[in-house]
Number of protein chains: 2
Amino acid sequence: MPTRLPPLATLQAFEAAVRHQSYTRAAQELALTHGAISHHVSALEERLGLRLFERDGNRMVPTEHGRLLVVKVRQALGLLERGFARAGRDEHVSLAVSVLPALASRWLAPRLPNFAEQHPDIDLCLDVRSGVADLAAGDADAAIRYGPGGWPDVQQVRLMGDELLPVCAPHYRGGRLPASVAELGDCTLLRNPWVPWEPWLHAAGAEWREPKRGPVCTDSAVLLDMAATGLGVALARRVFDDGDLRSGRLVRVLDISVPDPSSYFFVWRADHPQIDAIHLLRDWLLEQVLPTT
Amino acid sequence: MPTRLPPLATLQAFEAAVRHQSYTRAAQELALTHGAISHHVSALEERLGLRLFERDGNRMVPTEHGRLLVVKVRQALGLLERGFARAGRDEHVSLAVSVLPALASRWLAPRLPNFAEQHPDIDLCLDVRSGVADLAAGDADAAIRYGPGGWPDVQQVRLMGDELLPVCAPHYRGGRLPASVAELGDCTLLRNPWVPWEPWLHAAGAEWREPKRGPVCTDSAVLLDMAATGLGVALARRVFDDGDLRSGRLVRVLDISVPDPSSYFFVWRADHPQIDAIHLLRDWLLEQVLPTT
DNA sequence: CGCCGGTTGTGAGCCGAATTCACAACCAAG
DNA sequence: CTTGGTTGTGAATTCGGCTCACAACCGGCG
């Protein structure tokens with residue numbers, strides 16, 4: 001399996017040849033003879049089983065295959081050149097990212113090692129807060145926000161939507177878990193003011209409304225902890241309760257779920273001085289989220 | 001100039017060594033001896049003047065520099081491997097992009113050759129229309145929209161904001177161009193229903209309001225053509241009149257400009273089957289726009 | 001047409017670099 | 001301390017890239 005890749009010199013020769021549309025000029029640039037370029041290109045063509053150039057008079061014009069290939073080659077060479085030019089200088093970048101507590105602990109934290117590995121030159125500083133960080137004021141360099149989207153003055157992409165479903169501790173009420181929506185009315189509904197029960201109750205066909213009293217917590221993770229102690233039934237998002245469901249700390253109640261009308265968004269400002277790092281973070285987040293869509 | 005890059009075999013050896021944290025295992029993977037790996041790594045270290053590995057017992061653990069470097073190397077190698085694996089198969093992708101007429105002709109069209117060169121595997125199909133394409137209905141794969149942002153159910157990034165400033169033909173009114181806001185009141189104001197004069201008039205301190213009569217055109221490019229014929233004064237966006245101003249076909253009137261409250265946005269759907277190509281298009285658009293911010 | 005300055009294709013041979021080999025040094029664990 | 005593992009290193013070998021020289025080809029021009 002070793003080196004099924006052509007040598008670098010070959011790639012550089014190919015790239016220069018495409019750029020100049022001429023072997024001799026490419027050879028001049030690389031301080032070689034035209035013969036070297038010719039050998040390189042024919043070696044490449046033989047290896048791929050494809051013609052990469054066609055003669056047009058005394059110009060060498062790349063074929064379709066050649067044009068497709070040279071893009072990747074150029075990107076790779078550029079990456080290497082930049083990588084080696086910068087090697088030695090440590091150009092660490094620090095990004096302050098505002099994140100909601102629940103998402104930070106249950107979703108982001110376990111994935112951070114992966115980020116650190118893929119982007120060792122970016123130090124993330126998680127600014128965990130319940131409120132909304134004002135990016136314009138410099139509260140943070142970027143943020144993950146929860147809501148309907150459409151914030152003014154910032155760039156934004158939706159990271160993930162979710163489903164809402166009720167969960168509680170398996171030993172809640174001595175194990176006599178509610179089996180119907182009506183029974184659920186006798187339970188303590190744990191509430192998060194940002195995640196109302198209304199849409200779910202409506203979808204489940206409940207004839208009663210969300211109670212105005214009882215335990216309230218503004219943080220979803222803590223709300224789940226409360227549910228796990230047997231305090232009541234919480235309306236949970238999949239992202240957060242996945243681990244708890246698997247470990248048996250929590251169980252689903254009834255099998256009705258509704259799409260969460262709110263989503264998580266990554267937001268940033270286009271004029272940020274370290275926009276490159278922010279884009280890398282954005283793309284990484286989108287990758288993490290890809291399976292979920 | 002030539003090959004200031006280390007040979008590919010060296011990079012592969014380095015990468016494998018980082019991955020295995022062991023020269024001998026890296027050597028096994030590449031079907032080489034440990035000596036080869038050792039030589040490769042020390043050649044790299046000497047070339048860079050940096051230590052890339054440190055011994056930890058009988059493990060070789062990469063230094064900070066090593067970890068930073070290996071990221072670029074991995075990306076580059078990955079790019080090449082994928083590039084060469086796919087070479088030959090033509091995996092062309094076609095994207096239908098809905099664009100407003102003015103933007104398509106004055107801004108996007110002249111940049112398309114650049115896109116074609118950078119992404120020869122993506123065929124753009126410009127769906128030029130004045131209305132809003134419904135991405136969910138499959139009207140297009142992505143779109144560039146003009147407005148305040150915050151559309152539901154789509155991903156979006158702001159491409160560019162702009163300034164609004166009045167322009168007219170240099171020979172308008174026989175060359176007696178309006179020199180004050182009051183004088184502008186005697187001129188014919190060409191109107192685009194999507195780009196009201198109000199904010200500009202307000203900023204300029206006009207004591208009169210936008211006329212309800214006179215020429216109207218829903219397309220900014222055509223509106224500028226109308227102004228160029230001497231029909232009246234148009235409220236133009238920089239993106240569009242730049243060329244006209246340089247060529248002298250149009251001149252600025254008064255030197256007051258206001259930020260355009262609307263912007264151009266690139267919008268797409270995260271669940272699109274060709275999301276990779278869409279991301280490439282998005283990133284390319286953002287690059288085009290970078291100087292403008 | 002036929003020459004000329006330009007290009008690319010090709011095979012032989014040279015030279016340098018990548019790899020191996022063999023041995024020394026070192027480490028961790030028994 | 002020995003044993004089985006690792007890495008460092010210099011010399012020998014092998015392999016591949018490059019040049020060189022010549023043939024083939026193209027476009028233009030007299």
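A quick note: this is a predicted structure, and the numbers were derived from the prediction, not measured. Chain A is the first sequence line, chain B the second, and so forth, proteins listed ahead of strands; every chain is numbered from 1.
To the nearest angstrom, P of D:dT19 lies 13 Å from CD of A:Gln28. At whole-Å resolution of the value, CZ in A:Phe14 and P in D:dG17 are 17 Å apart. As rounded to whole Å, 14 Å separates atom C1' of C:dA18 from atom CZ of B:Arg47. A:Glu54 has its CD atom 17 Å from the P atom of D:dC25, to the nearest Å. The distance from atom CG of B:Leu32 to atom P of D:dC15 is 14 Å, rounded to the nearest whole Å. Atoms CZ (B:Arg51) and P (D:dT7) sit 13 Å apart, rounded to a whole Å. Across the protein-nucleic acid pair, A:Ile37 atom CD1 and D:dG17 atom P stand 13 Å apart, rounded to whole Å. Between A:Leu44 atom CG and D:dG16 atom P there is a gap of 16 Å when expressed in whole angstrom units.
Counting any heavy atom pair closer than 4.0 Å across all strands shown, B:Ser22 reaches sugar-phosphate atoms only and no base atom. Nucleic acid contact for B:Ser42: none, since no nucleic acid atom lies under 4.0 Å from a heavy atom of the residue.
Atom CG of A:Leu159 is separated from atom CH2 of A:Trp107 by 6.0 Å, given to the nearest 0.5 angstrom.
Judged purely by atom type and a 3.5 angstrom limit, B:His20 has no side-chain atom pairing as donor or acceptor with the backbone of B:Ser22. B:His119 places no side-chain N or O within donor-acceptor distance of the main-chain N or O of B:Phe115, the cut-off being under 3.5 Å.
The side chain of B:Thr33 places an N or O atom within less than 4.0 Å of a non-bridging phosphate oxygen (OP1 or OP2) of C:dT20. For the OP1/OP2 pair of D:dT7 and a distance below 4.0 Å, the side-chain nitrogens and oxygens of B:Thr24 include at least one atom meeting the criterion. For the OP1/OP2 pair of D:dT7 and a distance below 4.0 Å, the side-chain nitrogens and oxygens of B:Ser38 include no atom meeting the criterion.
For A:His39 against C:dG9, no side-chain N or O and base N or O form a donor-acceptor pair under 3.5 Å.
With DNA chain D read from its 5' end, the first of the two nearest nucleotides for A:Ala36 and A:Asp56 is the one closest to A:Ala36.
Closest to the side chain of B:Arg55, from the set C:dG9, C:dA18, D:dT6, is D:dT6. Among C:dT19, C:dT8, D:dC20, the nucleotide with an atom closest to any side-chain atom of A:Met60 is C:dT8.
D:dT6 has no stacking from B:His34 on its base ring, since the centres under 5.5 angstrom apart and planes within 30 degrees of parallel are not both found.
Looking at B:Ser220 and B:Arg106, their side chains never come closer than 4.5 Å, going by heavy atoms from C-beta outward.
Legend: salt bridge (charged side-chain N to carboxylate O under 4.0 Å, His left out) pairs involving residues 10-26 of chain B, not counting sequence neighbours, sorted by first then second residue: B:Glu15-B:Arg19, B:Glu15-B:Arg74, B:Arg19-B:Glu29.
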